[in-house]
Student: 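Sharing a structure here in structure tokens format.
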Protein chains: 2
Amino acid sequence: MIMKDNLELLKSYQLKITPQRIAIVEELASHGHLSIEDLYQGLLERFPTISLATVYKNINAMEEKEFVQEVKIPEQKSKYELTKAHHAHVVCQECKKVEDVVVSTKTILDEVKDVSHYRINRDDLIFTGLCPECVVKQSA
Amino acid sequence: MIMKDNLELLKSYQLKITPQRIAIVEELASHGHLSIEDLYQGLLERFPTISLATVYKNINAMEEKEFVQEVKIPEQKSKYELTKAHHAHVVCQECKKVEDVVVSTKTILDEVKDVSHYRINRDDLIFTGLCPECVVKQSA
DNA sequence: TGGATAGAAGATAATTATTTTCCTTTAAGT
DNA sequence: ACTTAAAGGAAAATAATTATCTTCTATCCA
């Protein structure tokens with residue numbers, strides 16, 4: 001179910017509230033990280049006539065407003081997530097799941113700035129490996 | 001010009017040596033990070049009849065053998081680079097240039113492992129901001 | 001609350017990007 | 001040199017994304 005927060009948020013981002021958009025937010029809120037195709041398949045169940053173009057247009061509009069963000073993952077199609085407090089991602093190379101992880105970036109950021117002399121204002125950190133469940137399966 | 005090393009390397013990766021492949025390696029060696037389209041345009045000058053499919057097929061083959069690696073960058077098309085010692089990337093949001101940067105990842109890796117309980121064996125770190133040149137231009 | 005209207009949805013076409021096919025050519029190993 | 005597996009090139013096939021156009025609806029305001 002959708003939280004009022006999300007509705008308010010959509011509004012505050014100047015995105016018109018439509019049933020399709022609400023559904024997109026719900027999907028993202030409950031599943032976390034979804035590809036365009038994932039979203040489309042999920043929405044089809046609720047809106048049998050929804051167009052793939054509608055998914056693209058909405059995700060693009062939401063990205064534009066920074067309401068959602070694209071996550072580019074090695075060896076996979078891009079996933080989308082609701083914008084939230086800054087975080088990194090861990091990806092399981094086995095089961096493909098993607099999770100958020102909050103880590104301190106100060107140390108590495110300082111080093112990057114120091115070494116590169118860039119003024120950094122964004123970081124996209126993806127860590128790939130095996131999730132705890134897949135580690136177990138693998139050793140079994 | 002191509003270094004013998006690259007030829008040897010191509011061989012050692014079981015990739016048949018062809019003029020087109022040599023050119024791809026040269027392009028990547030001299031320009032660092034190139035998109036498929038960049039590569040195609042560069043190669044066209046030397047091989048007016050080269051096919052875009054050849055570029056795709058070769059890059060895919062080289063990726064397969066881990067001779068080159070894809071670098072997924074926010075808001076940009078993927079770039080490709082020769083595989084080398086592990087490193088992170090800095091991207092200038094203004095002039096779009098991409099550079100390698102070597103930083104210690106031990107601290108953050110430990111934290112990621114600790115927080116996520118994943119067994120991590122790969123990291124893709126992209127830092128976006130302004131390169132020194134663009135910082136200057138911007139304040140001018 | 002009942003329009004007016006900007007913007008969204010849906011269908012489809014058009015682009016763009018990527019992969020595959022098929023046939024010719026060539027690199028690499030006898 | 002000869003053989004063969006693999007690569008190149010052209011074009012077709014797929015996939016992914018964007019654009020267009022018409023219809024519909026959320027939002028705004030009298």
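So that the names make sense, note that chain A is the first sequence line, chain B the second, and so on, each numbered from 1.
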Student: OP1 or OP2 of C:dA9 less than 4.0 angstrom from a side-chain nitrogen or oxygen of A:T18, does that happen here?
Tutor: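 So the side-chain polar atoms of A:T18 do come within 4.0 Å of the phosphate oxygens OP1 or OP2 of C:dA9, strictly under.
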Student: Once you round it to whole Å, what is the distance between C1' of D:dT27 and CD of A:Q14?
Tutor: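 Interatomic distance, CD of A:Q14 to C1' of D:dT27: 13 Å.
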Student: Rounded to the Å, how far apart are B:K11 NZ and D:dA6 P?
Tutor: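 My rounded result for the distance is 18 Å.
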Student: Take atom CG of A:L15 and atom C1' of C:dA6, then tell me their distance rounded to the nearest Å.
Tutor: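 Atom-to-atom, A:L15 to C:dA6, this comes out as 14 Å.
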Student: Below 4.0 angstrom from OP1 or OP2 of D:dA10, is there any side-chain N or O of B:S51?
Tutor: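 Negative; the distance criterion is not met.
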Student: So, is B:N58 near the phosphate of D:dG8, with a side-chain N or O under 4.0 Å from OP1 or OP2?
Tutor: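 Affirmative; the distance criterion is met.
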Student: Closest-nucleotide mapping onto DNA chain D: is B:A61 or A:Y56 further toward the 5' terminus? I mean the 5' end.
Tutor: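 By nearest-heavy-atom nucleotide position, the 5'-most residue is B:A61.
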Student: To the nearest Å, how far apart are B:I22 CD1 and C:dT26 P?
Tutor: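 Distance check: B:I22 CD1 to C:dT26 P gives 15 Å.
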Student: For D:dT17, take OP1 and OP2 only and decide whether either is under 4.0 Å from a side-chain N or O of A:N60.
Tutor: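 Checking A:N60 against D:dT17: no side-chain N or O falls below 4.0 Å of OP1 or OP2.
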Student: With heavy atoms under 4.0 Å as the rule, sort B:I50 into base, sugar-phosphate or nothing.
Tutor: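 Answer is sugar-phosphate: B:I50 comes under 4.0 Å of backbone atoms only.
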Student: Minimum heavy-atom separation for A:Y118 and B:C92, please, with both atom names.
Tutor: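 Answer, listing the atom of A:Y118 first, then B:C92: CE2-N, 3.8 Å.
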Student: At under 4.0 Å between heavy atoms, what does B:T54 touch on the DNA or RNA strands: base, sugar-phosphate, or nothing?
Tutor: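 Answer is base: heavy atoms of B:T54 come under 4.0 Å of a base.
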Student: For A:A85, is there any backbone N or O sitting under 3.5 Å from a side-chain donor or acceptor partner on A:H87?
Tutor: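 At least one qualifying donor-acceptor pair exists.
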Student: Please state how far atom CG in A:L43 lies from atom C1' in C:dA9, giving the value in whole angstrom units.
Tutor: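 Spelled out: CG on A:L43 to C1' on C:dA9 is 13 Å.
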Student: In whole angstrom, what separates B:Q41's CD from C:dA17's C1'?
Tutor: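 In whole Å, C:dA17 C1' lies 14 Å from B:Q41 CD.
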Student: Here's a test of your reading of the structure: between A:L52 and A:K57, which maps to the more 5' nucleotide of DNA chain D?
Tutor: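 On the 5' side of the pair lies A:L52.
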Student: Considering just the side-chain nitrogens and oxygens of A:Q20, establish if one lies under 4.0 Å of OP1 or OP2 belonging to D:dT25.
Tutor: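 False: A:Q20 side-chain N/O out of range (4.0 Å or more) of D:dT25 OP1/OP2.
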Student: Could you check whether B:K77 gets within reach of a base, just the sugar-phosphate, or nothing at all, counting any heavy atom under 4.0 Å?
Tutor: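 Since only primed, P, OP1 and OP2 atoms lie under 4.0 Å of B:K77, the category is sugar-phosphate.
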Student: Search all heavy atoms of B:V25 against all heavy atoms of B:L82 and return the closest pair with its distance.
Tutor: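 Heavy atoms only, the tightest pair is O-CD1, 4.2 Å.
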Student: Rounding to an integer number of Å, can you tell me how far B:R21 CZ sits from D:dG9 P?
Tutor: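 These atoms are roughly 12 Å apart.
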Student: Using every non-hydrogen atom in the two residues, find where A:F47 and A:Q20 come nearest and quote the distance to one decimal.
Tutor: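 For A:F47 versus A:Q20, the nearest heavy atoms are CZ-N, 4.1 Å.
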Student: Minimum heavy-atom separation for A:K79 to A:D38, with atom names?
Tutor: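 Between these two residues, the closest heavy atoms are CE-OD2, 4.0 Å.
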Student: Distance check needed: C:dA8 C1' versus A:K16 NZ, whole Å only.
Tutor: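 From A:K16 NZ to C:dA8 C1': 6 Å.
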